Amino acid sequence: MVRRRSRLSRSQDFQRVYRAGRSVANRYMVLYFFPQAADQAQKETSAGAQTARVGFSVSKRLGSSVTRNKVKRLLRESFRSLEGVIKPGFDLVFIARTDLGPLVEERGLEGVRGKMVEVLRKGSLWSEEGDGRL
RNA sequence: AGAGCAGCCCGGGCAGCCGCGGCGGGGAACGGGAAACCGUCCGCCCGUCGAGGAAAGUCCGGACACCGUAGAGCAGGGUGCUGGAUAACGUCCAGCGGGGGAAACCCUAGGGAAAGUGCCACAGAAAUGACACAGCCGCGGCCGGCAACGGACGUUGGCAACGGUGAAAUGGUGCGGCAAGAGCGCACCGGCGCCACGGUGACGUGGCGGCCAGGUAAACCCCACCCGGUGCAAGGCCCAGAAGGGGGCGUCUGAGGGUUGCUCGCCCGAAGCUCCCGGGUUGGCCGCAGGAGGCGUGCGGCAACGCAGGCCCCAGAUGGAUGGCUGCCCACGACAGAAUCCGGCUUACAGGGCUGCUACUGCG
RNA sequence: UGCCCCGUGGUGUAACGGCAGCACGACUGACUCUGGAUCAGUUAGUCGAGGUUCGAAUCCUUGCGGGGCAG
């Protein structure tokens, strides 16, 4: 899980990222991203560390609540392991597509993580020091 | 041991590391204060708790909350053998009747068809005020024949057994009886009514009478009992924001509204109400988890369950927490994720364990 | 989360409890040099499982699938 402070928690936040942000995608997921709002960035800098905030969207098309939870947990776990190497100061929304369900069943965390890295590279959200750490 | 039946229980385990949510404590920061201390907040540390037997479907029943009162009648909905259990139920327990099975046992919406109405396709003479198609018997004359008898015809005579139809045709089988027949008589069976006995009762057993009564009420309906409506997005509090314009009716001779669909009744309304257009609201807190609560003990009861006292506290999120990795073991892990709570029902489910019972076979 | 509604061939729709029809489509054949149009024929359905009834698309119970409303 990601800490609460680093989660998108309002429908407003989601709407802003969808409307104003850019999107990149592959077969398994869509990523929307947008620079954080000014007041939010202000607070972050005053607190010291600037981090990305993230939200996940898994619709009922993926299956029952059990499979949806499974998908969401693997997305969170993938993000957690990649958090340090993502460019700071962005709000991110990951949307699971229908093909992600079978991927979770067959490949597990490793598969989801790989596809997330792919999407982040497409969106140029990969920070330079990230390459060294991977 | 194999086969079957019923009931109950479990739903991967252990260890390590990283991560998440609630609660408690520590610590830090900020604010207030002279201080003690108080409040707010957290990205750090420690402790502790953290999905299910179905959390599911939303099919029933409640708790709880609100609705200017929830009252009457009609309408509407539900339930339907008997007795009990329960907060309540369409649930559960114990029985009764019916059906199935060799048995253990299983299934059963199972009140009323002599209150009324409707329907019973096709076939069949006829489908419910059943009354007759083919036919059987009697009687009458005619024809054939020596006769017995046969044939066709007539009949304001008798009959309903036999034939064919159908899911179903005024009970079934046998004997007697008769011109032919028929509960016409008798025996047994089935159904109905009355009486006696047993049982709280559904009902059972026995006796007597007599043959009158098609099915369908998960068709309308009748009878008995039950049901106010809306649902935690209920509802309450705090903060913030907002813009008004036009029309209609009325100010005690009362507009308008609420009350379940209608009617009545009741209530609100001494001044506003209502319609149209336009504008604002997608913040926070409470409700929210100590309950018809679990576990074991004793007593009462066949049981469901009740009573008494003991121990325990066991999720509480709000874009919504249980995940990832590693090792070991095994039966190699199914169906599946809380969102106000509880009691049931139904449906899905890898596999495993325990107890009791039934008939047969094998072994001792 | 709560409440409400619907389900008939591939599609759109009918059917007092009594043989499941109709239109479009698809396929085959005829007509034509070929296609279209036309004509003839064929295909294929009551969402699943139980129950009531002599008999169920219809009535009852239960499941499945789809849709709508409420901040």
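Every chain is numbered from 1 and lettered A, B, ... according to where its sequence line falls, protein lines coming before strand lines. Nothing here was measured: the structure is a model prediction, and the numbers come from that model.
With both ends at atom C1', the span from B:rA289 to B:rC267 equals 39 Å, rounded to whole Å. Using atom P as the reference point in both B:rA242 and B:rU282, the two lie 12 Å apart (nearest Å). Remark: the separation of the C1' atoms in B:rC286 and B:rA85 is 39 Å, to the nearest Å. The gap from the P atom of B:rC345 to that of B:rA94 amounts to 15 Å, rounded to the nearest Å. The same atom, C1', is picked in B:rA160 and in B:rC133; the two are 13 Å apart, to the nearest Å. Spacing of C1' atoms, C:rU58 relative to B:rA121, comes out at 16 Å, to the nearest Å. Spacing between B:rG296 and B:rG319 at atom C1', rounded to whole Å, works out to 45 Å. Taking atom P on both B:rG283 and B:rC276, the two are 29 Å apart, rounded to the nearest angstrom.
Within the nucleic acid shown, A:Ser57 comes within 4.0 Å of at least one base atom, counting heavy atoms only.
Of the candidates B:rA321, B:rG323, B:rG319, the closest approach to any side-chain atom of A:Arg73 belongs to B:rG323. Listed nucleotides B:rA321, B:rG319, B:rG19 differ in distance to A:Phe14; the shortest reach to its side chain belongs to B:rG319. Set against B:rG320, B:rA51, B:rG323, the side chain of A:Arg76 has B:rG320 as its closest nucleotide. Set against B:rG320, B:rG324, B:rA51, the side chain of A:Leu74 has B:rG324 as its closest nucleotide. Checking B:rG337, B:rG324, B:rA321 against every side-chain atom of A:Lys72, the shortest atom distance belongs to B:rA321.
Residue A:Val58 is tested with A:Asn69, A:Val71, A:Thr67 for a side chain to side chain contact (heavy atoms under 4.5 Å, CB included); the sole match is A:Val71.
The aromatic rings of A:Phe56 and A:Phe79 stand perpendicular to each other, their planes meeting at an angle above 60°, with 30° marking the opposite boundary.
A pairwise comparison of heavy atoms in A:Arg68 and A:Gly63 identifies NH1-O, 2.9 Å as the closest pair.
Rounded to an integer number of Å, the gap from A:Glu110 CD to B:rU326 C1' is 15 Å. The interatomic distance linking A:Arg107 (CZ) with B:rC325 (P) rounds to 13 Å, in whole Å. When the P atom of B:rA321 is taken as reference, atom CG of A:Leu75 falls 13 Å away, rounded to whole Å. As a whole-Å value, the separation of A:Arg68 CZ from B:rA336 P is 13 Å.
The main-chain N or O of A:Ala25 is found under 3.5 Å from a side-chain atom of A:Lys122 such that the two form a donor-acceptor pair.
Phosphate contact (OP1/OP2 of B:rA336, side-chain N/O of A:Ser65, threshold under 4.0 Å): absent.
Comparing A:Tyr18 and A:Leu109 against RNA chain B, the residue whose closest nucleotide sits nearer the 5' end is A:Tyr18.
By the 5.5 Å and 30° criteria, A:Phe56 is not stacked with the base of B:rG319.
Figure legend. B:rC208 is base-paired to B:rG193; pairs are counted as Watson-Crick or G-U wobble with both atom distances under 3.5 Å. Across all strands shown, B:rA132 remains unpaired; no Watson-Crick or G-U wobble contact has both distances below 3.5 Å. Pair assignment for C:rG45: none, as no Watson-Crick or G-U wobble contacts are both less than 3.5 Å. B:rA94 and B:rU82 make up a base pair, with Watson-Crick or G-U wobble contacts both under 3.5 Å. Shown here, B:rC273 forms a base pair with B:rG248; the pair counts as Watson-Crick or G-U wobble because both key distances fall under 3.5 Å. Using Watson-Crick or G-U wobble geometry with both donor-acceptor distances under 3.5 Å, C:rA57 finds no partner in any strand shown. Checking B:rU282 for Watson-Crick or G-U wobble geometry (two distances, each under 3.5 Å) identifies no partner in any strand. Here B:rC184 sits opposite B:rG176 as a Watson-Crick or G-U wobble pair (both hydrogen-bonding atom distances under 3.5 Å).
Remark: A:Glu77 engages A:Arg80 in a salt bridge, criterion side-chain N to carboxylate O under 4.0 Å. The residues A:Glu118 and A:Lys115 are annotated as salt-bridged, a charged nitrogen and a carboxylate oxygen being separated by less than 4.0 angstrom.
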